[in-house]
There are 2 protein chains.
Amino acid sequence: MTTAKKTPRGPADPKRRDRIIAAVLDVMTTEGLIGTSHRAVARAAGVPLGSTTYYFDSLEDLLAGALEKLTDDYAEALRAWAGPLAGHDRRRLALAMTDLVVDYLSDDSGRIRVEYQLYLAAMDRPRLRPLAAQYTATTVDVLSTLVPHSTAVALSAVLDGFLIRGLVSPVPLDRAELEDAFAAICTHHD
Amino acid sequence: MTTAKKTPRGPADPKRRDRIIAAVLDVMTTEGLIGTSHRAVARAAGVPLGSTTYYFDSLEDLLAGALEKLTDDYAEALRAWAGPLAGHDRRRLALAMTDLVVDYLSDDSGRIRVEYQLYLAAMDRPRLRPLAAQYTATTVDVLSTLVPHSTAVALSAVLDGFLIRGLVSPVPLDRAELEDAFAAICTHHD
DNA sequence: CTAATCTATGTACGGACGTACACTTACGGA
DNA sequence: TCCGTAAGTGTACGTCCGTACATAGATTAG
C-alpha cells in the first residue's frame with residue numbers, strides 16, 4: 001500500500017453542519033420547539049434552505065443532531081463538575097447539587113429549557129428516544145462515580161424534577177428545600 | 001322583582017364544549033402534541049371545524065382547556081389516593097408513592113404522556129404556564145396534608161423525575177430503586 | 001483540457017394549517 | 001304568526017411548511 005489515501009472530494013465543509021446544529025439550538029431558545037422549522041434554522045445559520053435538507057435527512061434528524069450535541073456537552077460539563085467532588089462527604093455533594101440546579105436555572109435557563117423541550121419531544125418522535133435516554137443515563141453514570149448506583153438514580157430523578165419545576169414555576173425554587181431533598185437522599189443509609 | 005329569570009337563548013349545548021376538550025386529549029394521546037390541530041380535534045369530536053373556533057378563541061385556548069381539565073381530574077384523583085394514607089407511617093407512604101408511579105406508567109401511560117406534553121407546551125406558550133404551575137402545585141398541596149411542606153416538595157420532585165424517566169426510558173423503572181428514593185425522603189428527619 | 005463526479009443550492013409543489021367571517025338555523029318575545 | 005337576535009357552521013384566504021429535485025459549481029482523474 002503506497003499512498004492509497006481516501007480522497008474526500010469537494011470542500012465538504014464540516015463546519016457547516018455544526019453551524020446548522022448551533023442554529024437549531026438558537027432558534028429553539030428564542031422561538032421554542034414550535035417555531036423550529038427548516039426555514040427558521042436556515043435563516044439563523046445564514047445558510048440556504050437547501051443546506052438544511054442536504055446535511056440532515058429530515059427535520060427530526062435536525063432535532064436529533066441538536067439533542068446529540070446537547071448530550072455530549074452536558075456529559076462533558078457534568079464530568080468536570082463531578083471531578084473535584086470525589087472523596088468528599090455526602091453533605092458536600094448535596095450542596096454541590098443544589099448549586100448545580102440554582103446555577104443552571106439562573107445562568108443557563110435558556111439552554112436547560114431547550115434540553116427539556118427536546119427531551120419531552122422524544123415522546124412523540126421515535127428517532128429521538130434513544131438520545132433522550134442517553135441524556136438521563138449520563139446523569140446516572142456520572143453520579144455513580146460518587147455514590148452507589150441506587151443513590152445516583154434517586155439523585156438524578158430529584159434533579160430532573162426540580163429543574164422542570166424551575167422552568168415552569170412562576171416562583172423561584174427555595175434553596176433550603178433543594179438542599180434538604182438532596183441531603184435526604186445523600187445521607188440515606190449512611 | 002318578580003320572575004326576572006336569566007334567559008339563556010339558544011340551545012347553547014354545554015356538552016359540546018366538553019366533548020371538544022375530551023377530543024383534544026384523545027388526539028394528543030394518539031397523534032401527540034404535534035398532530036393536535038383544529039381539524040384533527042374536530043374530526044375526533046365529531047363536530048364541524050367551525051365549532052372548535054366558536055367555543056375556543058384559539059388553538060392555545062383549546063390546549064388550555066385540556067390542561068385545565070387534566071389538572072382538575074388529577075387533583076381529584078390524587079386527593080382520593082391520599083385520603084386513606086393519613087395517619088399512617090412514612091414507610092407506608094413511600095410504598096404508596098411507588099405504587100402510584102408504577103400504576104400510572106402501566107395503566108395510564110397515555111394520560112401521563114399527555115400531561116407532560118402539555119407541560120412541555122407550556123414552556124412555549126405563556127397562556128399555559130399558570131395552568132402548568134397549578135398542576136405541580138396540586139401535588140405539593142396534597143402531599144402537604146400528609147407530611148411537612150419541605151418533604152412534600154421533595155417527594156413531588158422525585159415523582160416528576162421518575163415519571164418523566166419512565167415515559168422516555170426504554171427500560172422499565174426498577175421498583176426497588178423507586179421505593180428506596182421515596183423512603184429516603186420520607187424517613188429523613190424522623 | 002475534458003470529462004466525470006461529488007458538493008451544494010434555488011425553486012417549486014402539494015398540502016395542511018389557523019382563523020376570519022358571511023351565512024344559516026332555531027329559538028323567544030310580542 | 002312573524003321578527004329580532006343569538007347560536008352554530010361551511011367555506012375560503014393567505015401563510016407556512018417539509019421535502020423533492022433539477023441544476024449549478026467545484027474538484028480531481030486521465
Side-chain angles (χ1 to χ4, degrees), chain A residues 2-24 27-28 30-66 118 121 124-128, chain B residues 1-24 27-28 30-66 117-118 121 124-128:
Chain A
T2 49
T3 50
K5 243 218 297 209
K6 262 295 183 41
T7 53
R9 241 346 174 65
D13 185 5
K15 302 269 189 65
R16 176 65 57 106
R17 197 173 192 280
D18 295 344
R19 278 239 314 277
I20 293 175
I21 285 185
V24 173
V27 172
M28 284 196 67
T30 58
E31 312 293 329
L33 181 63
I34 201 179
T36 304
S37 63
H38 283 113
R39 287 168 174 82
V41 168
R43 211 176 303 129
V47 301
L49 171 61
S51 287
T52 60
T53 54
Y54 178 75
Y55 286 99
F56 300 89
D57 281 346
S58 68
L59 191 60
E60 205 163 314
D61 260 345
L62 256 166
L63 297 178
L118 280 173
D124 278 321
R125 299 166 176 87
R127 173 87 173 73
L128 300 186
Chain B
M1 264 170 265
T2 51
T3 51
K5 243 220 296 207
K6 262 296 183 40
T7 53
R9 245 339 177 69
D13 185 4
K15 302 268 188 64
R16 175 66 56 106
R17 197 174 192 278
D18 295 344
R19 279 239 313 277
I20 293 176
I21 286 184
V24 173
V27 172
M28 285 195 67
T30 58
E31 312 293 329
L33 179 64
I34 202 177
T36 304
S37 63
H38 283 113
R39 286 167 175 82
V41 168
R43 212 176 303 131
V47 300
L49 172 61
S51 287
T52 61
T53 53
Y54 178 75
Y55 288 98
F56 300 88
D57 282 346
S58 68
L59 190 60
E60 205 163 315
D61 261 344
L62 216 53
L63 297 178
Q117 284 193 346
L118 280 172
D124 280 320
R125 300 165 174 86
R127 170 89 172 72
L128 300 186

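Order of the sequence lines fixes the chain letters, A, B, ..., with proteins taken first and strands second; residue numbering starts at 1 for each chain. Basis for what follows: all heavy atoms, side chains included, without hydrogens, waters or symmetry-related copies.
The shortest distance between the side-chain N/O atoms of A:Y54 and the OP1/OP2 oxygens of D:dT19 is not below 4.0 Å.
The distance from atom NZ of B:K15 to atom C1' of D:dG8 is 17 Å, rounded to the nearest whole Å. To the nearest angstrom, P of D:dC17 lies 11 Å from CD1 of A:I34. When rounded to the nearest whole Å, the span between CZ of B:R43 and P of D:dG10 equals 15 Å. Taking atom CG on B:L62 and atom P on C:dC17, their separation rounds to 13 Å, with Å as the unit. A straight line from CZ of A:F56 to P of D:dA20 spans 16 Å, rounded to a whole angstrom. Look at CG on B:L49: it is 11 Å from C1' on D:dA12, rounded to the nearest Å. The distance from atom CG of B:D57 to atom C1' of C:dC21 is 15 Å, rounded to the nearest whole Å.
B:S51 comes within contact range of the sugar-phosphate backbone alone, with a heavy-atom separation under 4.0 Å but no base atom that close. Within 4.0 Å of A:R39, counting heavy atoms only, lies at least one base atom of the nucleic acid. If you check every strand for non-hydrogen atoms under 4.0 Å, A:S37 touches sugar and phosphate atoms only.
Closest approach to the A:R16 side chain among C:dT19, C:dT9, D:dT9 is made by C:dT9 (side chain taken as heavy atoms from C-beta onward). Counting only heavy atoms from C-beta on, A:H38 has its side chain closest to D:dT19 among D:dT9, C:dT9, D:dT19.
Between the side chain of B:T52 and the main chain of B:P48, no donor-acceptor pair closer than 3.5 Å is present.
Taking OH of B:Y55 as the reference point, atom CD1 of B:I21 lies at 12.0 Å (rounded to 0.5 Å).
Heavy atoms only, all atoms of each residue included: B:I20 and B:A45 are closest at CA-CB, 4.2 Å.
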Trace of the side-chain contact (heavy atoms from CB on, under 4.5 Å) decision for A:L62 with A:H38: CA-CA 9 Å; A:L62 256 166; A:H38 283 113; 3.7 Å; yes
